[in-house]
Every structure is written in structure tokens, then in C-alpha cells.
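Report on one structure; see the data block that follows.
Side chains included, hydrogens not; waters and symmetry mates left out as well; all remaining heavy atoms used. Throughout, numbering of the chain's residues begins at 1 and tracks the sequence.
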Amino acid sequence: MADDFNNSIQRSISMVRGDTLSFGFQVQGLEGQEPDAIYFTCKEHIEDSEPVFQRSWIKEGQYELVDGIEKRSYDAETDTLTYGVRVAPEHTQNVELGKYFYDLELNINGDVLTLMKGSLSIEWEVRS
């Protein structure tokens, strides 16, 4: 519908079980302010309380608690923050094959913004 509005990007992701998943994303318009936290969360069922895995970047005072999401750069001229997300092989090596749900969420000034969400397919690998 023409009147629909969704703040997040909907994207399906496929990865091979036990491989590394890595991608970057950019955020503009925060006027140089950093988010309070960023989370990349994967769940088997949307309503689950425990994730299959979660990667995060949390700002606490002057410190950054980096657990799979890292700030790569800030371009003051374009007011663009660039981050990278990395899901290491050990986070999916024992996960059942199938479809899961994920979201990429940014927290800033008490607001929660879902930047990206969709399905995450864990697929089979061929081993020698």
C-alpha cells in the first residue's frame, strides 16, 4: 500500500552453518552523537526470551563494550557512522539448519530504532 511506512529495512540473510557472517552498515543524521547500544539478535521464534545468539556494541561512558559489533569510522563531513557486525563460526556451528528471525537495533537517547529485520537462513555445508 502507498500509505504503509516501515522504519526498518527488511532483508533476508542466508549463511552456511559454522561460517562467519560479516556485514557493515551506516547511520547518518546523529550529529556526531554515538548510540547508547547496538544489538544484532537472532531468535528461533520471535517471542523467544533467549536468543540463538546476540552480537552487541554498548557505550558506557568513555568505554565501548565490543562483542561482535565494532565502530569502524565517523565521517564528520557527511555525519556518517560506519559499523561492522561479525558473527563468528562458533555462534552457528551447532545451530539446527532452518529459518530464524533477526533484527539489528540501535538505542539512542531513550529511543529504540530497528534498522534492519528479517529471516536468517542457516544452511548446510559441504565438508571434505
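Between K43 atom NZ and T41 atom OG1 the span is 7.0 Å, to the nearest 0.5 Å. Here K99 contributes atom NZ and S14 contributes atom OG; the two are 6.5 Å apart, rounded to the nearest 0.5 Å. The line from CG of L97 to CD1 of I122 is 8.5 Å long, rounded to the nearest 0.5 Å. Taking CG from L120 and SG from C42, the interatomic distance works out to 4.5 Å, rounded to the nearest 0.5 Å.
Judged as a ring pair (Phe, Tyr, Trp, His ring centres under 6.0 Å), not a single pair has a partner in residues 59-79 (not counting sequence neighbours). Screening residues 98-123 for ring pair (Phe, Tyr, Trp, His ring centres under 6.0 Å), with sequence neighbours left out, gives F40-Y102.
The closest donor-acceptor contact from the side chain of D48 to the backbone of E50 lies at 3.5 Å or more, if one exists at all. Looking at D79, its side chain does come within 3.5 Å of a backbone N or O of G32 through a donor-acceptor pair.
Here the closest heavy-atom approach between residue V16 and residue W124 is recorded as CG1-O, 3.7 Å. Among all heavy-atom pairs drawn from D36 and I108, the shortest one is OD2-CA, 3.4 Å. Of all the heavy atoms in V87 and H91, the pair that sits closest is CG1-CB, 3.8 Å.
Contact check for S8 versus M116: no side-chain heavy atoms found under the 4.5 Å cut-off. In this structure, L104 and R11 have side chains that are not in contact, with every pair of non-hydrogen atoms separated by 4.5 Å or more. Put simply, the side chain of Q93 does not reach to within 4.5 Å of the side chain of V95, judged on heavy atoms. Counting heavy atoms from C-beta outward, I38 and N107 have side chains that stay 4.5 Å or more apart. Within the 4.5 Å cutoff, side-chain heavy atoms of P35 are placed close to those of L81.
Residues satisfying the ring pair (Phe, Tyr, Trp, His ring centres under 6.0 Å) test with F53, not counting sequence neighbours, are none. For Q28, the side-chain contact (heavy atoms from CB on, under 4.5 Å) test picks out T78, T80, with sequence neighbours left out. Applying the side chain to side chain donor-acceptor pair (under 3.5 Å) rule to R86 yields no partners; only residues at least two apart in sequence or on another chain are considered. Checked against side chain to side chain donor-acceptor pair (under 3.5 Å), D67 has the following partners two or more places apart in sequence or in another chain: R55. With sequence neighbours excluded, the residues that form a side-chain contact (heavy atoms from CB on, under 4.5 Å) with E64 are E34, W57, K59, V66, K71. With sequence neighbours left out, N109 forms a side chain to side chain donor-acceptor pair (under 3.5 Å) with Q33. E70 pairs by the side chain to side chain donor-acceptor pair (under 3.5 Å) definition with nothing, not counting sequence neighbours.
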With a 3.5 Å cut-off and sequence neighbours excluded, list the donor-acceptor pairs that the side chains of residues 18-27 form with protein atoms.
{"residue": "Q26", "atom": "NE2", "partner": "T82", "partner atom": "OG1", "Å": "3.1"}

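Here L65 sits in one hydrophobic cluster together with Y39, I58; the rule is ILVMFWY side chains under 4.5 Å apart, joined directly or through other members.
Following chains of ILVMFWY side-chain contacts shorter than 4.5 Å, one cannot reach L115 starting from V112, and the two form parts of different hydrophobic clusters.
Atom CD of E90 has more than 12 neighbouring heavy atoms from other residues, nucleotides or ligands inside a 6.0 Å radius. Other residues, nucleotides and ligands place more than 12 heavy atoms under 6.0 Å from the CZ atom of R72. Counting non-hydrogen atoms of neighbouring residues, nucleotides and ligands closer than 6.0 angstrom, the CD atom of E47 exceeds 12 such neighbours.
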